[in-house]
Amino acid sequence: MRGEEYLTKPQQYALVYSKGSSLASNLVVMKTLPSGLAWSRYGFSVSKRVGGAVTRNRVKRLLREILRITPLKSGWDIVFIVRPAAATADYTGLKSSVDGLLSRAGLLETEGRAAFPSEVKGRVVENQRFN
RNA sequence: CAAGUAAACCGGGUGACCGCCCUGACUUCUAGUCGGGGAGGAAAGUCCGAGCUCCACCAGGCAGGAUGCUGGGUAACACCCAGGAGGGGCGACCCUACGGAUAGUGCCACAGAAACAUACCGUCCUUCCCUUUGGGAGAGAUAAGGGUGAAAUGGUGGGGUAAGAGCCCACCAGCGGUUGGGUGACCAACCGGCUGGGAAAACCCCAUCCGGAGCAAGACCAAAUAGGGGGAUAAAGGGAUGCCUGGCCCCGUCCCCGGGUUGGUCGCUUGACCCUUCCGGUAACGGAAGGGCUAGAUAGAUGGUCACCGUCCUUCCCAUUUGGGAAGGAUACAGAACUCGGCUUACAGGUUUACUUGCUCC
RNA sequence: GUGAGUGUAGCCCAGAGGCCUAAGGCGCCAGGUUGUGGCCCUGGAUAUCGAGGGUUCAAAUCCCUCCACUCACC
């Protein structure tokens, strides 16, 4: 798999965990960190508490499909941490949950800029202060 | 028809759109176009056995571990097949850690006289004493009966005896021997004497087998750092990795500290492989001929959204012999990571074959 | 991938074939004490010994197979 749009190294995950800001729903927790790159990268963290190899693979495939369709704002590293409740969720449930989180963070390409430009700016400044 | 036993197998299908990984050809210039392929019977648990790679090579001993009726199969096995013995089931059939307890050491709580060599209550005989019915003391015989226990030294019946006892007899169980059958485990017949627990999933003994580490093995390329400090050493030291010994080969060095690296390619899928037919073998399996190529990711591909059809269950309606229609629900266990052979465990539902028992009809 | 370990009451734990119907501490309940509460005293309840099977006369303990969890190494 091409590494351009994905987070692959453990160090990258550790950076987002420690310095990123988080938003949560009942299915997933989203951690975001501005990367300064021209594109956005994302990754998934599905622990064994979610289920066996089959259910964990299925959750990752669903999330990959959702993020393939969804247009993202560029310049962010995003990690989705899956909660055990997502094991029984279907595609539409996960999609609404992820879309809700992304729009709350203002990372959707179309909606985000138009709806909450000021809040997005504020969030970026806040994150940079952490760095 | 019902209940069951044993084997083998399937484990959703078709279509549309949007995607992922590998690969062939073409275009061209590093992205497209057109093809081809893309999870399992357990891929799982990681419980065994191997291949492969490295540890320089070989042999022996100790320790440790594994296996444990017999014969065969296999690359090997704790697996498989066939057979024996024991046990279970009316039966088809199923189950079995199934070597050794006179090689030794230790254990068997409580109860009981006694748990390994013992005599409590008893039974019998005899001597002495108490004047008698009877009682007491002592010497001896006995292992039938009582009682305890999970277990008490063959069982049942008869004879026999002072009372008893394999003391004797018949049958049964066990042991030993002879003969016969079988490659063997073992079986059958006959004879003999009369026989003294359990536990080796307590330590152990016997027989057979086993070197260690693991694809993050290992090889190559690129990049980067150091070319340092300390110690041990020349008839010694080191190089196998539980310990020891011997041989042989290699190194002139070896160990510690410090420093660097987590990129890429190979290994990586043609293999004890799969299918068909024939031959040998009771079978596991082996041999021959012909045909086939069947996932290779690297934060880890094999997916997502729908539509229709299957299969099963429930309810209702039509029909009342099969069946037809509608609505709702269910559609399992589970995801390759070096590769095989097994074992074990999980699994909605279904198919086929052979057989057993019972009921009914001809 | 390899190796090691743990599972016993709500929690922490003892046990090492028979005296285990399982000890102890914290917690819980009831009573006493106190004007009330705490401390204290007395009594009590709470355990399919992770699950299943086997060996044994007898298993929390020995053996086998599963399940869950933890740790170590590269």
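In what follows, every chain begins at residue 1, and chains take the letters A, B, ... in the order their sequences are listed. Worth knowing before you read on, the calculation uses all heavy atoms, side chains too, and leaves out hydrogens, waters and symmetry mates.
- Look at G184(B): it lacks any Watson-Crick or wobble partner with both distances under 3.5 angstrom.
- With rounding to whole Å, Arg56(A) atom CZ is found 13 Å from A334(B) atom P.
- Interatomic distance, CG of Leu107(A) versus CH2 of Trp76(A), reported as 5.5 Å (0.5 Å rounding).
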> Please walk me through it: do Arg104(A) and Leu101(A) pass side-chain contact (heavy atoms from CB on, under 4.5 Å)?
Replying inline: CA-CA 5 Å; Arg104(A) 273 166 65 196; Leu101(A) 286 177; 3.8 Å; yes
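- The same atom, P, is picked in C28(C) and in G112(B); the two are 48 Å apart, to the nearest Å.
- Residue Val54(A) is not grouped with residue Leu94(A) when hydrophobic side chains (ILVMFWY) are merged at heavy-atom distances under 4.5 angstrom, including chains of intermediate members.
- For G259(B), the glycosidic angle deviates from 0 by more than 90°, giving an anti base.
- Rounded to whole angstrom, the span from the CZ atom of Arg41(A) across to the C1' atom of A299(B) amounts to 14 Å.
- As rounded to the nearest Å, G83(B) and U282(B) have P atoms that lie 12 Å from one another.
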> Could you walk me through whether Leu27(A) and Arg83(A) pass the side-chain contact (heavy atoms from CB on, under 4.5 Å) check?
Replying inline: CA-CA 5 Å; Leu27(A) 296 181; Arg83(A) 291 182 149 176; 5.8 Å; no
Distances under 3.5 Å only, N/O to N/O: pair up the protein atoms with those of nucleotides 302-307 of chain B.
| from | atom 1 | to | atom 2 | distance (Å) |
| --- | --- | --- | --- | --- |
| U302(B) | OP2 | Arg61(A) | NE | 2.9 |
| U302(B) | OP2 | Arg61(A) | NH2 | 3.3 |
| G304(B) | OP1 | Arg58(A) | NH1 | 2.3 |

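- Base orientation of U294(B): syn (glycosidic angle within 90° of 0).
- Projected onto RNA chain B by closest heavy-atom contact, Val54(A) and Phe44(A) fall at different nucleotides, the more 5' of which corresponds to Phe44(A).
- Base pairing of A42(B) is not made with any nucleotide, judged by Watson-Crick or G-U wobble geometry with both donor-acceptor distances under 3.5 Å.
- If you take atom P in G51(B) and the same atom in U262(B), they sit 36 Å apart, rounded to whole Å.
- U345(B) sits 32 Å from U314(B) when the P atoms are compared, rounded to a whole Å.
- Taking atom P on both G40(B) and A3(B), the two are 35 Å apart, rounded to the nearest angstrom.
- Pairing for G71(B) goes to C81(B), judged as Watson-Crick or G-U wobble with the two contacts each under 3.5 Å.
- By the rule that a glycosidic angle within 90° of 0 means syn, A8(B) does not qualify and counts as anti.
- Of the possible donor and acceptor atoms, one in the side chain of Arg56(A) sits under 3.5 Å from a partner among the backbone N and O of Gly51(A).
- Using modelled atom types and a 3.5 Å distance limit, the side chains of Ser25(A) and Ser97(A) yield a donor-acceptor pair.
- When the P atom is used for both U305(B) and C338(B), the distance is 31 Å, rounded to whole Å.
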> Would Phe44(A) and Arg64(A) count as a side-chain contact (heavy atoms from CB on, under 4.5 Å) if you check the C-alpha gap in whole Å, the side-chain angles of each, and the deciding distance to 0.1 Å?
Replying inline: CA-CA 9 Å; Phe44(A) 312 110; Arg64(A) 218 180 287 132; 4.3 Å; yes
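- Pair assignment for G64(B): C210(B), on the basis of Watson-Crick or G-U wobble contacts that are both within less than 3.5 Å.
- Here the P atom of nucleotide A297(B) and the NZ atom of Lys60(A) are 17 Å apart, to the nearest Å.
- If you measure from atom CG of Leu63(A) to atom P of G300(B), you get 12 Å, rounded to the nearest angstrom.
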>> Go through it in stages, so that I can follow the logic: the residues are Phe80(A) and Lys31(A), the test is side-chain contact (heavy atoms from CB on, under 4.5 Å), and I'd like the CA-CA distance, side-chain angles, deciding distance and then a yes or no.
In response: CA-CA 6 Å; Phe80(A) 294 93; Lys31(A) 280 190 171 275; over 6 Å; no
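- The base-pairing partner of A119(B), taking Watson-Crick or G-U wobble contacts with both distances under 3.5 Å, does not exist among the strands shown.
- Comparing the C1' positions of A288(B) and G267(B) gives an interatomic distance of 35 Å, to the nearest angstrom.
- Using atom C1' as the reference point in both G280(B) and U178(B), the two lie 42 Å apart (nearest Å).
- Base pairing of C171(B): its partner is G155(B), meeting the Watson-Crick or G-U wobble criterion (both donor-acceptor distances under 3.5 Å).
- With a glycosidic angle further than 90° from 0, U142(B) counts as anti.
- No side-chain donor-acceptor contact under 3.5 Å links Ser40(A) to the backbone of Leu72(A).
- Across every strand in view, G227(B) sits unpaired, with no contact that passes the Watson-Crick or G-U test at under 3.5 angstrom.
- Of all nucleotides present, only U311(B) satisfies the Watson-Crick or G-U wobble test against A330(B), with each distance under 3.5 Å.
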